[in-house]
Protein chains: 2
Amino acid sequence: MRLMREEAIVDVVNRLLAEKGYEFMTVDEVAAEVGMAKASLYKHFASKEALAAAAMVRVLERALRAMDDIERDPRRPAVERLHEMLRWTMRTLYEGQMPTLPAQNSALRAVLGADKVYLNLVLRLSDRLGAWIVEAQRDGTLSANLPPEVVLFTLFARACDPVLPVLKASGQYSAEQIQDWLLETCFSGLSGSPKAAGSPAKAPRTAASARPAAQPNPSGHDQAAPGRRRGKSALTPG
Amino acid sequence: MRLMREEAIVDVVNRLLAEKGYEFMTVDEVAAEVGMAKASLYKHFASKEALAAAAMVRVLERALRAMDDIERDPRRPAVERLHEMLRWTMRTLYEGQMPTLPAQNSALRAVLGADKVYLNLVLRLSDRLGAWIVEAQRDGTLSANLPPEVVLFTLFARACDPVLPVLKASGQYSAEQIQDWLLETCFSGLSGSPKAAGSPAKAPRTAASARPAAQPNPSGHDQAAPGRRRGKSALTPG
DNA sequence: GTCTATATTTAGATAGAC
DNA sequence: GTCTATCTAAATATAGAC
């Protein structure tokens, strides 16, 4: 039952990568949560990088399966398929299932770049999404001003959207509400637009019903919950 | 000339934070680049966290000065002021002057949360931007569906936009082109919209003139340059 | 205030018994 | 394959002379 064991390991790695990112995930921690000795872990995976690569491979496989599901309905327009795919990404991110890699770890990059399975999955995902993008641009539902690769990168980047964890941590909004907003800002922008992205429009809010009070977080990733704020813009250091 | 010395130190810290992020910036490296011994550095700043905090304070001060400049023309609509501010952010990021903090370093968060100067700057920046946002929502130039704090977070998040470094590294596009695209996707979304964000519309491109080929980078932050790609979607591991 | 040299801690990885 | 115990490297931080 080696495969079961390794599946359990990747489960833990995936969760820890989503929770704290690659840098702050320690192998000791992984071993402890799986319930085995660290040395035993290394019998299954050669390095910390290999652990991360395994988690990445699995999430890419899941993403491709999500695309399969979305393509099951052949009449759905390309732009709607892209909406659905972004919704899958937001849901995965919201549920703490989206692993996040580090800024620029050359060792990790070397491992990923040498992993044929990983590279092949990235390639397939990019090509299939690229096809949807070009199709949506042809039929005018996606901006044709942007090169397809800019659109692709922009969608990929949503997988580590720092806004989602902040909104989630605030505890003020429902999961669906948060995901709707992020879809809307991605496809329609902050200015709003003719067509709402994805789901039907929600009940409009009054403009000044919430007063902004925020901490900038240039690093991305989640911060500690800022808590409910009251009054005229207070900060909660953490 | 202690202040000059410390200014030089913060210069180096700022650049290194922008280049490699907090995690991969080492104090040895800072000392080496400044040209002084590490122990001397610690006479000026108590810790690595204090170094990062100093860089953050400085960039916030610069951001506030940028807002001053933008507000100098009182007739400019709020949404255009927001455009200008995002353009400042994109320019700073493009020039490698935007420091990036780590995912969730509790020690660093404690230092920042205890830094009165830092907190005060964050507060002022948030309040002033928040006022612009509410104003733009009132006059209908910004979506009133979004709570102001969602808009604010979304704009803050652009300071660590992972798309910019990828596009920059590709070497295919000019700085202005990249910044225009990112402004457009932020305010008008991927679907495109009635009004172009910020600057006048550029010459339209044909939809399929660039073929997407990408590596997903869920962590955000910059990857190594993928290089020019040719043919039908090849990957450059790095 | 600056330096050389060193202390301390942490975390990735391994040795070797069973 | 799993374990305990250990090695090693890197990086933050400090001692103490000048």
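Within every chain, numbering begins at 1; the chains are lettered A, B, ... in the order of the sequence lines, protein sequences first and strands thereafter. Heavy atoms only: backbone and side chains are in, while hydrogens, waters and symmetry mates are out.
C:dA11 atom P lies 13 Å from atom OH of A:Y22, rounded to whole Å.
Residues from residues 27-38 of chain B that place a heavy atom under 4.0 Å from any atom of DNA chain C, listed by number: B:M36, B:A37. The stretch residues 6-15 of chain A has no heavy atom under 4.0 angstrom from DNA chain D at all. Residues of residues 40-54 of chain B that place a heavy atom closer than 4.0 Å to DNA chain C, in numerical order, are B:S40, B:K43, B:H44.
The C1' atoms of five pairs define one axis at each end of the helix from C:dG1-D:dC18 to C:dC18-D:dG1, and these two axes lie 20° apart (to 10°).
Nearest heavy atom pair, residue A:L183 against residue A:R87, reads CD1-CA, 3.9 Å.
Without hydrogens or angle criteria, B:T100 side chain to B:A18 main chain gives no donor-acceptor distance under 3.5 Å. Formation of a donor-acceptor pair under 3.5 Å by the A:T185 side chain with backbone atoms of A:L182 is found in this model.
Residues in residues 30-41 of chain A take part in these side chain to side chain donor-acceptor pair (under 3.5 Å) pairs, two or more places apart or across chains: A:R15-A:E33, A:D28-A:K38.
Using a 4.0 Å cut-off between a side-chain N of Lys or Arg and a carboxylate O of Asp or Glu, A:R58 and A:D11 qualify as a salt bridge. Between A:R2 and A:E6 there is a salt bridge, with a side-chain nitrogen of the basic residue lying less than 4.0 Å from a carboxylate oxygen of the acidic one. Between A:D68 and A:R65 there is no salt bridge, since no side-chain nitrogen of the basic residue lies less than 4.0 Å from a carboxylate oxygen of the acidic one. Note on B:R158 versus B:D161: salt bridge recorded, some NZ/NE/NH1/NH2 to OD/OE distance being below 4.0 Å.
Nearest-nucleotide mapping onto DNA chain C: of A:T26 and A:A39, the residue sitting toward the 5' end is A:T26.
The side-chain heavy atoms of A:L86 and A:F187, taken from C-beta on, include a pair separated by under 4.5 Å.
The CD atom of A:E184 lies 10.5 Å from the NE2 atom of A:H83; values are rounded to the nearest 0.5 Å. In this structure, A:S170 OG and B:E149 CD are separated by 6.0 Å, a value rounded to the nearest 0.5 Å. The structure places CD of A:Q97 at 13.0 Å from OG1 of A:T89, a figure rounded to the nearest 0.5 Å. Here CZ of B:R128 is found 4.5 Å from CD of B:E71. Values are rounded to the nearest 0.5 Å.
Contacts between chain A and DNA chain D, taken as any atom within less than 4.0 angstrom of a protein heavy atom, begin and end at D:dG1 to D:dT4.
Cation-pi check for B:K168 over B:Y94 is met; the charged atom lies under 6.0 angstrom from the ring centroid and within 45 degrees of its normal. For the pair B:K48 and B:Y22, the distance from NZ or CZ to the six-membered ring centre is under 6.0 Å and the angle to the ring normal is within 45 degrees.
Note on B:M25: only backbone sugar-phosphate atoms sit closer than 4.0 angstrom, heavy atoms only; bases stay farther off.
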